[in-house]
K.L.:
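Here you go, one structure.
Index from 1, following the sequence. Remember, it's 1-based here, ligands and their atoms both numbered in the order they're listed.
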Amino acid sequence: MNSSEKQGDDSTLPVMWENWKVVTLTETSSTNEAARDYDAWTAVVAEKQTVGRGRHGRAWASGPGGLWCSLVLPTPGKPEQWEALPLAVGLSVIRTLAAMDVDARMRWPNDIMVNDRKLAGLLLERYAPDCVVAGIGINLTNSPAEEDPGLESIAIRLADLTPAVPAVDDFLIRLLGRVHEVHQQVSETGIEPLITELNQMWGSLPRPVELHTPEGVIKGDFQGINTQGNLLLKRDPESDSTEFCAAHVSQLIECTPNLTD
Ligand code: BTN
């Protein structure tokens, strides 16, 4: 397709696709860094990242063959309206995959999973008051385990799930349409109408989890999210759920249910 052609080795010359400006780079440190100075509705995509970043300072393996992109999204009006934008972006990834018959789910707050393996991750960062950079990394035909053997039993690629893996720029175009769609939904009606759909994305609920927080590890049953996108955790059957925001939880570990309980 010609909608996001490279203009040269390290070109940042944009190509327009519908409402998006697509900037394609051969290599960059992190597309989130590269995107920070662009206007809203710019998508920066790189064939390779040398310092791909995950949440909480973790590294993100970003060799050739995966989709590494950062989308600059406008967030006008009240900040509360956009609190759950990371989850809405996750929903757009799930919808893109569902249209390819790939049954993915989310692991709160930002992981896209197929069964118990991670297919994709999101990193949303705000550099300006009126927009957010939504970094999206999706394993397509890249080899995460060759880059980091620790990912062997954790990561999965689209190529492991279907023989019909779209080209990176084709996947990007499909994703951009979905991101625009959820952004419009959130800007018109807020996140509330999407909460039911979002709460169907976690797989079976309640789900026993461990949350890694500055106060230590907290165990309980994940009940879904509230309208701020915060996690609801039931720590014991008698108490009400406690709310946790994503910034407070460095890691969520899904636990196998104790069948003797
Ligand atoms: C995570 O799972 O912790 C988030 C991973 C986010 C990776 C993407 S790849 C494109 C963008 N650029 C980065 O450096 N990170 C995000």
K.L.:
Using 4.0 Å as the upper bound for N to carboxylate O, is an ion pair formed by Lys234 and Asp221?
P.N.:
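No, Asp221 and Lys234 are not salt-bridged.
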K.L.:
I need the atoms of ligand 1 closer than 4.0 Å to a non-hydrogen atom of Gly135, numbered in the order shown.
P.N.:
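Listed by number with element, the hits are 11 (C), 16 (C).
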K.L.:
Would you mind running through ligand 1 and noting each atom that sits below 4.0 Å from a heavy atom of Gly54?
P.N.:
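Listed by number with element: 1 (C), 3 (O), 4 (C), 5 (C).
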K.L.:
May I ask you to say whether Glu147 pairs ionically with Arg157, meaning some side-chain N is under 4.0 Å from a carboxylate O?
P.N.:
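Salt bridge between Glu147 and Arg157, a charged N being under 4.0 Å from a carboxylate O: no.
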K.L.:
Could you tell me which atoms of ligand 1, counted from 1 in the order shown, lie closer than 4.0 angstrom to a heavy atom of Asn32?
P.N.:
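Within the 4.0 Å cut-off of Asn32, ligand 1 contributes 11 (C), 12 (N).
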K.L.:
I'd like to check Tyr127 versus Val132 (side-chain heavy atoms, cut-off strictly below 4.5 Å). Are they in contact?
P.N.:
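No - every pair of side-chain heavy atoms lies 4.5 Å or more apart.
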K.L.:
Under 4.0 Å, heavy-atom basis, I'd like to know which part of Gln49 is in contact with ligand 1: side chain, backbone, both or neither.
P.N.:
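The answer is the side chain.
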K.L.:
Could you check whether any side-chain heavy atom of Glu197 comes within less than 4.5 Å of a side-chain heavy atom of Arg95, counting everything from C-beta outward?
P.N.:
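They are in side-chain contact.
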K.L.:
Can you sort out which atoms of ligand 1 are near Asn110, meaning under 4.0 Å from one of its heavy atoms?
P.N.:
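Close to Asn110: 1 (C), 2 (O), 3 (O), 4 (C).
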K.L.:
Where on Ser62 is there a heavy atom closer than 4.0 Å to ligand 1, on the side chain, on the backbone, on both, or on neither?
P.N.:
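Looking at Ser62 and ligand 1, no heavy atom falls under 4.0 Å.
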K.L.:
Counting from 1, what ligand 1 atoms have a heavy atom of Thr31 closer than 4.0 Å?
P.N.:
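Those atoms are 10 (C), 11 (C), 12 (N).
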K.L.:
Nearest heavy atom to atom 6 (C) of ligand 1 wins, so pick from Arg58, Glu125, Arg53, Arg55.
P.N.:
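Among Arg58, Glu125, Arg53, Arg55, the closest heavy atom to atom 6 (C) of ligand 1 belongs to Arg53.
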K.L.:
So that I know where these two stand, are Trp20 and His180 an aromatic pair - ring centroids less than 6.0 Å apart?
P.N.:
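No, too far apart.
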K.L.:
Side chains of Ile191 and Leu198, heavy atoms from C-beta outward: is any pair under 4.5 Å?
P.N.:
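They are in contact (side-chain heavy atoms under 4.5 Å apart), so the answer is yes.
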K.L.:
Give the atom numbers and elements of ligand 1 that come within less than 4.0 Å of a heavy atom of Gly52.
P.N.:
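Counting atoms of ligand 1 from 1, those under 4.0 Å from Gly52 are 14 (O).
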K.L.:
Which residue owns the protein heavy atom closest to atom 4 (C) of ligand 1, what's the atom, and how far is it?
P.N.:
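Minimum-distance protein heavy atom for atom 4 (C) of ligand 1 reads Leu122 O, 3.3 Å.
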K.L.:
Please state which protein non-hydrogen atom is closest to atom 8 (C) of ligand 1 and give its distance, to 0.1 Å?
P.N.:
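Of the protein heavy atoms, Gly137 N, 3.6 Å lies nearest.
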K.L.:
Is Lys118 touching ligand 1 with its side chain, its backbone, both, or neither, if touching means heavy atoms under 4.0 Å apart?
P.N.:
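Answer for Lys118: side chain.
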K.L.:
Please report which non-hydrogen protein atom sits nearest to atom 5 (C) of ligand 1, along with the residue it belongs to and the distance in Å to one decimal place.
P.N.:
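I find the closest protein heavy atom is Trp60 CE3, 3.5 Å.
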K.L.:
Do the non-hydrogen side-chain atoms of Leu194 and Val186 ever get within less than 4.5 Å of each other?
P.N.:
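The answer is yes, as the side chains (C-beta and beyond) meet within the 4.5 Å cut-off.
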K.L.:
Using side chain to side chain contact (heavy atoms under 4.5 Å, CB included) as the criterion, point out the one residue from Asn230, Leu232, Asn199 that pairs with Ile225.
P.N.:
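The single option meeting the side chain to side chain contact (heavy atoms under 4.5 Å, CB included) with Ile225 is Asn199.
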K.L.:
Is the contact between Asp111 and ligand 1 made by the side chain, the backbone, both, or neither, using heavy atoms and a 4.0 Å cut-off?
P.N.:
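Near ligand 1, Asp111 shows its side chain, while the N, CA, C and O stay back.
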K.L.:
Using the rule that Ile, Leu, Val, Met, Phe, Trp and Tyr join whenever any side-chain heavy atoms are under 4.5 Å apart, tell me whether Leu67 and Met106 fall into a single cluster.
P.N.:
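Yes, one cluster joins them.
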